[in-house]
Every structure is written in structure tokens, then in C-alpha cells.
Participant: 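Questions regarding the structure given below will be posed in turn.
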Amino acid sequence: MPEQTTSPASSPPPRTETTPISGTAAISGAAGAGPAADREHSAKPDAAVVRDALGVGVAVGLSGFAFGVTAAGSGFSVLQTCLLSLLVFTGASQFALVGALAAGGNPFTAAAGAFFLGTRNAFYGLRLSQLLALPRPVRPLAAHWVIDETTAVALAQPTRRAARIGFTVTGVTLYLLWNLTTLAGALGAEALGDTRAWGLDAAGPAVVLALLAPMLRTATERATAALAIVLALAALPLLPAGVPVLVAALAAPAVLWLKGRDGTRQRAGDPHAAGPHTTAAPGKEEDR
Amino acid sequence: MSIWIAIAATALGCYLLKLAGLLVPADTLERPVVQRLAALVPVALLAALTAQQTFADGSTLVLDARAAGVAAAAIALVLRAPFLVVVAAAVAVTAGVRALGG
């Protein structure tokens with residue numbers, strides 16, 4: 001189903017009577033919606049939720065092939081490659097770990113980069129725990145599926161029931177496909193021999209770039225990305241492998257600090273001088 | 001051996017991060033500065049990773065066929081191509097440039 005490859009968050013609402021759902025609206029809407037509300041006309045049919053979830057799960061799940069090829073091409077065994085997808089199951093961290101070790105980094109700096117990339121999942125979990133209201137015994141299991149795609153699908157749903165279905169179907173589909181295609185990619189890379197000759201060493205940076213692209217919505221985010229690239233490339237010849245990427249993470253607090261100073265100077269004037277802010281997690285200060 | 005240590009540390013760390021979000025009280029991470037840092041740190045890390053995996057050969061900077069492939073991926077992203085097309089474009093262009101002796 002090629003038309004389903006876009007995130008449901010960016011596609012138009014399926015029914016005219018439903019209002020566009022933003023993250024916070026989905027949370028407050030779900031909080032007010034009891035089981036009875038699910039039968040109202042505003043409820044999204046379960047089949048539509050499953051269709052959205054399958055679309056995201058299939059499209060992203062297939063890219064596990066790129067991870068399998070990249071990891072196997074970087075010297076990881078098939079077993080190690082598959083264990084990463086089974087146990088880590090958050091794509092950006094997996095690519096970061098493989099890239100750092102392939103570049104000769106020590107295991108702890110490599111794991112640190114993967115860990116810092118995984119911190120965003122903690123914030124997804126925070127929003128999902130309110131939205132899904134999972135029973136405590138289920139949380140350790142559900143936690144493994146708290147990633148970009150399941151969060152995007154769950155937050156785009158109008159009711160708690162739809163959010164739970166969306167989260168679960170996306171999680172199951174993605175977990176199965178991501179791991180099967182990782183195995184296929186790892187075996188394929190061994191069969192191909194020199195993956196560089198096939199251009200497969202470009203798959204890693206292309207996937208990471210594709211993960212980054214939707215995050216570059218505001219000037220703040222673009223400035224952070226630009227500064228991070230400069231820091232990483234400048235540090236690369238000077239510091240041990242794996243460390244330059246961690247140094248580049250300092251671009252985030254640096255840009256926030258510069259923006260904060262700018263905001264203090266301009267506070268007397270236009271409060272929105274820094275531009276409209278549409279990050280996924282707007283803070284209270286943004287409204288002032 | 002070091003690969004196994006890295007795999008174990010990453011698997012444990014990434015799982016605990018996911019679990020923490022579901023278990024901690026909601027107001028713990030609600031401070032605006034924490035939220036905005038959490039949104040920006042992945043941007044910095046992913047940008048740095050893209051640059052490193054495109055231009056690094058060990059600890060030296062090189063300009064080879066990968067750069068052409070990643071440029072093709074960037075163009076595909078601007079054109080809003082699906083995820084798999086973006087990756088396929090990068091792989092195909094890199095392989096093509098190498099085949100031509102780039």
C-alpha cells in the first residue's frame with residue numbers, strides 16, 4: 001500500500017467532523033473520552049486506525065533491511081546485528097552504535113551516543129503514559145515499543161481506544177518487520193561480499209538523514225543541526241572515534257543558550273521575535 | 001568482546017529510557033528547559049551522525065561517492081519521497097559514482 005507511507009499525523013483527517021489532532025489535543029481529547037464516547041459519531045473506526053498503523057509499520061519496518069546491511073557491512077556478525085534490532089529496537093540508536101564502533105570508537109563512547117539518542121523515547125513515554133493509561137503490569141512490555149513511529153501514530157488518534165489500537169498495531173507490525181528485515185539485510189550483506197561496491201555504505205547516513213529531516217521545522221532546529229555538523233567535522237581529526245558526535249550534542253544547549261540571551265534582550269519588544277515555535281514538546285515559556 | 005559490551009550497554013540503557021517515561025510521575029520531566037533540550041539533542045546528534053557517516057574515513061575527512069549518495073537522499077527528502085525511495089536513491093547514486101570510478 002504505497003499511499004500509506006506518510007505518517008497519519010500529516011495526512012488530512014479521514015472525516016470532516018473531526019478536528020485536526022495535535023499532540024496535546026489528542027491527550028486532552030482522550031482524557032475526556034470514556035468508553036461511551038468511542039461509540040459516538042466522532043470516534044474513528046477501528047479499521048481506519050489499523051490501516052494507518054499498518055501503513056507506518058510496513059514502510060518503516062522494511063528499512064530494517066538497511067540496518068542489517070549496514071551493521072553486517074561494518075563487521076557485526078549476523079547474531080550481533082539481530083540482537084541489536086531485537087533488544088535495542090530504536091533505529092537511530094542502532095545506527096549510531098554501529099557507526100561509532102565501525103569508526104573505531106570504544107564501546108562506552110559508542111553506547112553513550114546511542115543512549116543520548118534514545119533519551120527522546122523517555123519523553124515519548126511520558127506523553128503516552130497519560131494518553132494510553134496502561135495498567136502497571138503491562139508497562140514493562142509496552143515500554144519496548146515506545147519509539148518515534150508508535151508515538152506518532154498514537155498521538156494522532158482522537159480517542160484512547162484508537163490510540164491504544166494504533167500503538168499496539170504499529171508496535172507489533174514494526175517489531176516483526178524490523179527484525180525480519182534486519183536478518184534479511186545481514187544475510188544479504190554476507191552474500192554480497194563487498195557492500196561498498198554496491199553503495200550500501202551510503203544507506204546508514206541516508207537513513208539517519210531521513211530521521212533528521214522532519215525535525216528541522218524551525219530556525220532553532222536548523223541552527224542546531226548546522227552547528228552540530230560543524231562541531232562534529234571539526235572534532236573528527238582531533239578526538240578519539242565516537243567522541244566527536246558527543247561533542248556535537250553540545251550544539252543543543254549552546255543554541256538554546258544563545259536563543260535565551262537573544263530573547264532576554266528582545267523581551268521588551270516583540271515577544272515572538274524569535275519566530276513561531278512548533279516543536280513537538282512546546283514549553284510554557286513559548287506562550288509568553 | 002567490545003562489540004558485546006556495547007550491545008549490552010546500549011540495549012539496557014535504551015530500554016531503561018523507554019521504561020522511565022512510562023513510569024516516572026508526569027511532572028518530573030515537564031520543565032520547559034528539559035523538554036526543549038530533549039527535543040534539540042536528537043537534532044544535534046542525528047546531524048552530526050549524518051556528517052560523520054558521510055565524510056569520515058577513520059579519523060580523516062574525505063569526499064567520496066557517499067557524499068553524492070547522501071546529496072541524492074537530501075534531494076529525495078526535499079521532494080517528499082517515501083523513506084525507502086530516499087535510502088534507495090543514496091545507495092544507487094553511490095554505487096553509480098563508484099562504478100564510474102569516483
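The figures here come from the full heavy-atom set of this structure, side chains too, leaving out hydrogens, waters and symmetry mates.
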Participant: Name the option with the most non-hydrogen atom pairs under 4.5 Å to chain B; the candidates are A:P214, A:A142, A:G125, A:G204.
Facilitator: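 Option with the top pair count is A:G125.
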Participant: Got a second to check how far B:L19's CG is from A:N121's CG, nearest 0.5 Å?
Facilitator: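 The CG atom of B:L19 sits 12.0 Å away from the CG atom of A:N121.
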Participant: Taking all heavy atoms of B:V91 and all of A:W198, pick out the closest pair and write down the distance.
Facilitator: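 So the two residues come closest at CG1-O, 3.3 Å.
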Participant: Quick one: pull up CZ in A:F123 and CG in B:L17 and give me the separation to the nearest 0.5 Å.
Facilitator: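 If I round to the nearest 0.5 Å, the distance is 9.5 Å.
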Participant: Output the option from B:V78, B:L61, B:V86, B:L23 having the highest count of non-hydrogen pairs under 4.5 Å with chain A.
Facilitator: B:L61
Participant: Looking at chain B, which one of A:H144, A:R222, A:M215 has the largest number of heavy-atom pairs inside 4.5 Å, strictly under?
Facilitator: A:H144
Participant: Is chain B contacted by the side chain of A:I147, its backbone, both, or neither, given a heavy-atom distance below 4.5 Å?
Facilitator: side chain
Participant: Measure B:L22 against the heavy atoms of chain A and call it side chain, backbone, both or neither at under 4.5 Å.
Facilitator: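 The answer is both parts of B:L22.
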Participant: At their closest point, which heavy atom of B:Q52 faces which heavy atom of A:G99, and how far apart are they?
Facilitator: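 Closest approach of B:Q52 to A:G99: NE2-O, 4.1 Å.
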Participant: So for B:A74, is it side chain, backbone, both, or neither that comes closer than 4.5 Å to the heavy atoms of chain A?
Facilitator: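 Both the backbone and the side chain of B:A74 come within 4.5 Å of chain A.
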Participant: Tell me which of these, B:V93, B:I5, B:L77, has more heavy-atom pairs under 4.5 Å with chain A than the rest.
Facilitator: B:L77
Participant: Under a 4.5 Å cutoff for heavy-atom pairs, which residue among B:A73, B:S2, B:G69 has the most contacts with chain A?
Facilitator: B:S2
Participant: What part of A:A197 is in contact with chain B, defined as an atom under 4.5 angstrom from a non-hydrogen atom: side chain, backbone, both or neither?
Facilitator: backbone
Participant: Do NZ/NE/NH1/NH2 and the carboxylate oxygens of B:R98 and A:D201 come within less than 4.0 Å?
Facilitator: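 Judged by the 4.0 Å cut-off on N to carboxylate O distance, B:R98 and A:D201 do form a salt bridge.
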Participant: For residues 228-257 of chain A, which side-chain donor-acceptor pairs fall under 3.5 Å, sequence neighbours excluded?
Facilitator:
none

Participant: Could you measure the distance from the CG atom of A:L117 to the CG atom of B:L49? Nearest 0.5 Å is fine.
Facilitator: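 Reported to 0.5 Å precision, the distance equals 6.0 Å.
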Participant: Taking every heavy-atom pair that is under 4.5 Å apart, which of A:A206, A:A66, A:P205, A:A92 has the most such pairs with chain B?
Facilitator: A:P205
Participant: Can you say whether A:F89 sits under 4.5 Å from chain B via the side chain, the backbone, both, or neither, judging by heavy atoms?
Facilitator: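 The answer is both parts of A:F89.
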Participant: Heavy-atom cut-off 4.5 Å, strictly under: side chain, backbone, both or neither for A:L216 against chain B?
Facilitator: side chain
Participant: What verdict does the side chain to side chain contact (heavy atoms under 4.5 Å, CB included) test give for A:S63 and B:L84, after you've listed the backbone C-alpha separation in whole Å, the side-chain angles of each residue and the deciding distance to 0.1 Å?
Facilitator: CA-CA 7 Å; A:S63 61; B:L84 294 177; 4.2 Å; yes
Participant: Using non-hydrogen atoms and a 4.5 Å limit, figure out which bit of A:R136 sits close to chain B: side chain, backbone, both or neither.
Facilitator: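 Just its side chain gets close to chain B.
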Participant: Does A:R139 have any salt bridge (Lys or Arg N to Asp or Glu O under 4.0 Å) partners at least two apart in sequence or in another chain, and if so, which?
Facilitator: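 Counting only residues at least two positions away or on another chain, A:R139 forms no salt bridge (Lys or Arg N to Asp or Glu O under 4.0 Å).
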Participant: Measuring heavy-atom distances to chain A, does B:I3 have an atom under 4.5 Å in its side chain, in its backbone, in both, or in neither?
Facilitator: both
Participant: Under 3.5 Å, is there a donor-acceptor pair between the side chain of B:K18 and the main chain of A:V146?
Facilitator: no
Participant: Tell me, side chain or backbone of A:A213 under 4.5 Å from chain B's heavy atoms, or both, or neither?
Facilitator: side chain
Participant: Heavy-atom pairs under 4.5 Å with chain B are the metric here; pick the option from A:L227, A:L212, A:L84, A:L87 that has the most.
Facilitator: A:L212
Participant: Tell me which of these, A:A143, A:A100, A:A203, A:A226, has more heavy-atom pairs under 4.5 Å with chain B than the rest.
Facilitator: A:A143
Participant: Indicate every side-chain donor-acceptor pair of residues 9-16 of chain B with a distance under 3.5 Å to a residue at least two apart or in another chain.
Facilitator:
| unit_1 | atom_1 | unit_2 | atom_2 | d |
| --- | --- | --- | --- | --- |
| B:T10 | OG1 | B:A6 | O | 2.7 |
| B:Y15 | OH | A:P140 | O | 2.5 |

Participant: Identify the residues of residues 67-77 of chain A whose heavy atoms come closer than 4.5 Å to a heavy atom of chain B, ordered by number, or report 'none'.
Facilitator: A:G75, A:F76
Participant: First locate atom CG of B:L40, then atom OG1 of A:T224, and finally report the distance between them rounded to the nearest 0.5 Å.
Facilitator: 4.0 Å
